[in-house]
Amino acid sequence: QVPFVESGGGLVQPGGSLTLSCAASGFAFKAYPMRWYRKDVGKEREVVGEMSVGGVEMTWYADSVKGRFTISRDNAVNTVYLQMNSVNVEDTALYFCNARALSEPEYWGQGIQVTVSS
């Protein structure tokens, strides 16, 4: 069973917006902190941001996306989102969602392409 179904990627113009979704199944999504990663050709994979679990869901973002990207989650539908605003060509990459918790199995999305181009 595929742990995640990702959607929302595609082609977007510089300055535009896009929202990625990652719907989880087959594991205890609510118990997992969630991360978004990205990987572009010729570049290292980098963490875009993450969201914790618990009563106060805290977020962290890479400097490259801080103030432009927002991670959110809806535990009622087992889905994590990445809202991408003011995108630029440097945001072009394959984006992955990731679930990782201490002493628990780790889960990866299959990757979804985002291309920023005019």
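Positions are given from 1 along the sequence.
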**Prompt:** In chain order, what residues pass the salt bridge (Lys or Arg N to Asp or Glu O under 4.0 Å) check against Glu50, with sequence neighbours excluded?
**Reply:** Arg35

**Message:** Are Glu46 and Ser64 packed together at the side-chain level, in the sense that at least one heavy-atom pair is separated by less than 4.5 angstrom?
**Reply:** yes

**Prompt:** Are Val116 and Pro14 side-chain neighbours, meaning at least one heavy-atom pair lies under 4.5 Å?
**Reply:** yes

**Prompt:** With a cutoff of under 4.5 Å between side-chain heavy atoms, which Ile, Leu, Val, Met, Phe, Trp and Tyr residues group with Val47?
**Reply:** Tyr37, Trp60, Leu94, Phe96, Trp108

**Request:** Could you give me the CA-CA distance, side-chain angles and deciding distance for Thr92 and Asp40, then say whether side chain to side chain donor-acceptor pair (under 3.5 Å) is met?
**Result:** CA-CA 7 Å; Thr92 295; Asp40 195 16; 5.9 Å; no

**Request:** Indicate yes or no: at least one non-hydrogen side-chain atom of Val80 is less than 4.5 angstrom from one of Met51.
**Result:** no

**Prompt:** Looking at residues at least two apart in the chain, or sitting in another chain, which of them share a side chain to side chain contact (heavy atoms under 4.5 Å, CB included) with Ala31?
**Reply:** Ala28

**Fill in**
Shortest non-hydrogen pair, Ser17 vs Ser86, comes out as OG-N, 4.3 Å

**Request:** Quick one: pull up CD in Glu106 and CG in Asn98 and give me the separation to the nearest 0.5 Å.
**Result:** 4.5 Å

**Asked** So, for Ala99 and Met34, which heavy atoms are closest and what is the spacing to 0.1 Å?
**Response** CB-SD, 3.5 Å

**From Gln83 atom CD to Thr19 atom OG1, the distance as rounded to the nearest 0.5 Å** = 3.0 Å

**Message:** side-chain contact (heavy atoms from CB on, under 4.5 Å) for Trp36 and Ile71? Distances and angles first, verdict last.
**Reply:** CA-CA 8 Å; Trp36 284 94; Ile71 296 175; 3.9 Å; yes

**Prompt:** Does the distance from a Lys or Arg side-chain N to an Asp or Glu carboxylate O, for Glu90 and Lys43, drop under 4.0 Å?
**Reply:** yes

**Request:** May I have the step-by-step check of side-chain contact (heavy atoms from CB on, under 4.5 Å) for Ser117 and Leu11, ending in yes or no?
**Result:** CA-CA 7 Å; Ser117 175; Leu11 177 65; 3.9 Å; yes

**Message:** Check Arg38 with Asp91, please: is the shortest side-chain N to carboxylate O separation under 4.0 Å?
**Reply:** yes

**Message:** With side-chain contact (heavy atoms from CB on, under 4.5 Å) as the criterion, how do Val114 and Leu20 come out once you've worked through the C-alpha distance, each side chain's angles and the decisive distance to 0.1 Å?
**Reply:** CA-CA 9 Å; Val114 172; Leu20 306 183; 3.8 Å; yes

**Request:** Please round to the nearest 0.5 Å and tell me the distance separating atom CZ of Arg73 and atom OG of Ser52.
**Result:** 8.0 Å

**Request:** Please check if any side-chain donor atom of Gln13 sits under 3.5 Å from a side-chain acceptor atom of Ser118, or the reverse.
**Result:** no

**Asked** Side chains of Thr79 and Asp74: do they bring a donor and an acceptor to under 3.5 Å?
**Response** no

**Qualifying residues under side chain to side chain donor-acceptor pair (under 3.5 Å), relative to Ser7, sequence neighbours excluded** = none

**Message:** If you apply the rule ring pair (Phe, Tyr, Trp, His ring centres under 6.0 Å), what do you find for Phe69 with Tyr61, and how did you get there?
**Reply:** CA-CA 8 Å; Phe69 289 12; Tyr61 299 95; 8.2 Å; no

**Asked** ring-ring contact (aromatic ring centres under 6.0 Å, His included) with Phe29: which residues, sequence neighbours excluded?
**Response** none

**Request:** Could you name each residue pair satisfying side-chain hydrogen bond (donor to acceptor under 3.5 Å, both in side chains) that touches residues 21-33, not counting sequence neighbours?
**Result:** Gln1-Ser25, Lys30-Asn78

**Asked** How far apart are the closest heavy atoms of Phe4 and Cys97, and which atoms are they?
**Response** CG-SG, 3.5 Å

**Prompt:** Do Glu6 side-chain atoms and Gly111 backbone N/O form a donor-acceptor pair below 3.5 Å?
**Reply:** yes

**Asked** Tyr95 and Tyr107: same hydrophobic cluster, using ILVMFWY side-chain contacts below 4.5 Å?
**Response** yes

